[in-house]
Amino acid sequence: MNKILFSAILFASTSYPLLTWAGTLTQFFQKSKISGQVRSYYFNRLYGAANVPNQDAFALGGLLDIKSAPFLGGFGVGVSFYTANDLGTHGYSPATVDTTMMGLTSSLNALGQAYIQYANPGQQLLVRAGDQEINTPWMNASDSRMLPATYQGLFINYSPIRILHIYGMRIFRWKSRTSGNYYKDNLYYKAGYDGDPIYGGGGPDNAASLTESASQTNGVLAFGADINVSGLDAQAWFYKFYQFAQMYYTNMIYTLNGRTNISPFFGIQYVRETDNDSILGNINNVTWGAMVGIKLPHGLFSCGYNSVTYKKGAFGDGSIVSPYTVGYTSDPLYSTTMLLGLVEQGPGHGWVVKLEYNMLHKRIHIGVAYGLYNTYRSGNNDTLYTDIIYRPDIFFKGLSIRNRLGIANGQIIPSRQTLIYNRIMLVYDF
């Protein structure tokens, strides 16, 4: 499929523009866009246990995005190339490498996006087919490593009125953050399944353990809608994770816009999952959450809570089945932090208090969060998280320097000790 699609893109981008409004090939390329990033990441995991080796990883790489000018009244094509290289720093001891960065390979390269799309001039309809990034609550780029996760299939976004968006998608394969190709698996499959060097998954019941004997997944069918009007931002989604679960998800956040620069807000969310024929077993999950907070002139303060109902006999005793975020902690629950979340820990309760603040015209961003979890299967765990971003826009446009530090304690940590996870991330946008 990739070869056929790429040939179609090449043909469209070199032949069709001659017949479009752009008039000439030169004008067509002038209206096309090339952008990207250079990334330099260094991750360091420190475990407070003598029998668990510390891990680190370094990589230099980036992303290159090419998007054509529209032709034939709204058609366009896009290609993105992703690359990462450890520059020989991983050495020869796999146990000491943070494999979530880019796996165990010394070089990781992927044609992450290769799609053709149609967007009508009024932007009311977008139809995109091929390899692509998508951004939905339970399927997204999870872009905190060198390569983002991408998906192969069809995505539709229809906006009949400005405040309403309706979505539909049919995904057949995906590429994880540590994979160079697309596969019919997800984060519940063991690393090496069908040749996929996938790392970073896991959850209750040692979920990332489906081996070669497990059948391939047929992907995902999903529909969603969101509305944003008069301070209300609400969305509803249905996901059919083939061979895994059916999920219904809703989230509503309402912001009270007063006469001052301080705006209170509150949110509620709900998840319901079922499936009697899942390859994981009986799926029966009920999750709900609530959040309150205040938007400040230069930041925000919030308190979030989630509860996952204990269901004896169900997979993970009622755990959420999230095939494309489990282990990535990139799900939309209010209580998810950089290191911990209830998707990974199973049924129970989670609380998170968060403060974000911007200084110097947003050139400096500071975030602090504390999470506390009481779960049936993973015991009691807590985490402290800090996030500092510096953007020296005056001298270096597009450069950001970021340090993310997470400290986790509890029974879910190896040897039930402490994990200190520091991530230094340099990014240059061009």
Side-chain angles (χ1 to χ4, degrees), residues 37-63 82-110 141-149 175-180 187-193 196-203 206-209 324-330 336-341 343-345 381 383-389 401-410 412-427:
Q37 287 185 347
V38 177
R39 297 180 171 186
S40 175
Y41 289 1
Y42 176 66
F43 288 6
N44 198 338
R45 292 175 180 251
L46 303 177
Y47 294 95
N51 61 334
V52 181
N54 296 329
Q55 299 173 320
D56 60 36
F58 170 80
L60 177 66
L63 324 172
Y82 309 146
T83 185
N85 195 297
D86 73 349
L87 301 183
T89 60
H90 283 178
Y92 299 97
S93 178
T96 63
V97 176
D98 181 357
T99 56
T100 70
M101 170 83 80
M102 51 182 289
L104 285 173
T105 182
S106 61
S107 179
L108 183 60
N109 304 286
S142 301
D143 193 12
S144 62
R145 298 301 191 275
M146 291 299 295
L147 276 61
K175 183 199 70 61
S176 79
R177 301 187 305 196
T178 58
S179 305
L187 290 168
Y188 287 116
Y189 290 83
K190 188 178 179 65
Y193 176 85
D196 187 2
I198 188 173
Y199 291 92
N206 191 25
S209 61
Y324 301 93
T325 74
V326 64
Y328 282 1
T329 58
S330 57
T336 299
T337 60
M338 179 181 112
L339 294 183
L340 298 176
V343 171
E344 289 74 24
Q345 297 181 70
N381 304 280
T383 180
L384 176 66
Y385 169 63
T386 63
D387 185 11
I388 301 175
I389 305 174
I401 304 169
R402 184 177 189 181
N403 191 90
R404 305 180 73 190
L405 172 65
I407 303 173
N409 302 280
I412 198 172
I413 308 302
S415 295
R416 299 185 178 182
Q417 299 292 322
T418 298
L419 166 63
I420 301 175
Y421 200 170
N422 195 63
R423 304 175 183 175
I424 300 174
M425 311 164 74
L426 278 67
V427 175

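Everything numeric here is computed off the predicted structure, so don't read it as measured data. Scope of the values below: all heavy atoms of this structure, side chains included, with no hydrogens, waters or symmetry mates.
Remark: R423 pairs with no residue by the salt bridge (charged side-chain N to carboxylate O under 4.0 Å, His left out) rule, at least two apart or across chains. Residues meeting the side-chain contact (heavy atoms from CB on, under 4.5 Å) test with S106, sequence neighbours left out: D86. Among residues two or more places apart in sequence or in another chain, the ring pair (Phe, Tyr, Trp, His ring centres under 6.0 Å) test is passed with Y41 by F43. Judged as a side-chain contact (heavy atoms from CB on, under 4.5 Å), and not counting sequence neighbours, the contacts of P148 are L63, Y82, E133, A141, D143. The side-chain contact (heavy atoms from CB on, under 4.5 Å) check on T100 picks up R45, D98, R145, Y421, with sequence neighbours excluded. Every residue two or more places apart in sequence or in another chain was checked for a ring pair (Phe, Tyr, Trp, His ring centres under 6.0 Å) with Y385, and none qualifies.
Residue L60 holds its CG atom at 7.5 Å from CG of N85, rounded to the nearest 0.5 Å. In this structure, the separation between CG on D196 and OH on Y189 is 11.0 Å, given to the nearest 0.5 Å. Atom CD1 of I388 sits about 11.0 Å away from atom CZ of R402, to the nearest 0.5 Å. Considering CG of L339 and CD1 of I413, their distance stands at 7.0 Å, rounded to 0.5 Å. Atom CE of M101 is separated from atom OG of S144 by 10.0 Å, given to the nearest 0.5 angstrom. From I198, atom CD1 reaches atom NZ of K175 across 10.0 Å, with rounding to the nearest 0.5 Å.
For the pair G180 and L108, the tightest heavy-atom approach, listed with the atom from each and the gap, is N-CD1, 3.8 Å. Here the shortest heavy-atom pairing between A49 and S415 reads CB-CB, 3.6 Å. When all heavy atoms are compared, the tightest approach of H90 to A57 is NE2-CB, 3.9 Å. The minimum heavy-atom distance between T178 and G103, with the atom names listed, is CG2-N, 3.7 Å. Taking each heavy atom of Q345 and L340 in turn, the nearest pair found is NE2-CB, 3.6 Å. Contact between G62 and M146 at its shortest, heavy atoms only, is N-CE, 4.4 Å.
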Worked verdict on L104 versus V97 for side-chain contact (heavy atoms from CB on, under 4.5 Å): CA-CA 7 Å; L104 285 173; V97 176; 4.1 Å; yes

Residues D56, F58; criterion side-chain contact (heavy atoms from CB on, under 4.5 Å); working and verdict: CA-CA 7 Å; D56 60 36; F58 170 80; over 6 Å; no

Y188 vs V326, side-chain contact (heavy atoms from CB on, under 4.5 Å): CA-CA, chis, key distance, verdict: CA-CA 8 Å; Y188 287 116; V326 64; 3.9 Å; yes

Pair Y47-T418, side-chain contact (heavy atoms from CB on, under 4.5 Å): steps then yes or no: CA-CA 6 Å; Y47 294 95; T418 298; over 6 Å; no

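Between the side chain of T329 and the main chain of M338, a donor-acceptor pair closer than 3.5 Å is present. With hydrogens and angles disregarded, no donor-acceptor distance shorter than 3.5 Å links the side chain of T96 to the backbone of Q55. Put simply, the side chain of T99 never gets that close to the backbone of Y199: no donor and acceptor are under 3.5 Å apart. Under the 3.5 Å distance criterion, the side-chain polar atoms of E344 are matched with a main-chain donor or acceptor of G327. The backbone N or O of Y328 sits nowhere less than 3.5 Å from a side-chain atom of T325 that would complete a donor-acceptor pair.
Within the 4.5 Å cutoff, side-chain heavy atoms of I420 are placed close to those of L405. V52 places none of its side-chain heavy atoms less than 4.5 Å from the side chain of Q417. In this structure, R39 and M425 have side chains that are not in contact, with every pair of non-hydrogen atoms separated by 4.5 Å or more.
Neither side chain, N381 nor T383, offers a donor N or O lying under 3.5 Å from an acceptor on the other.
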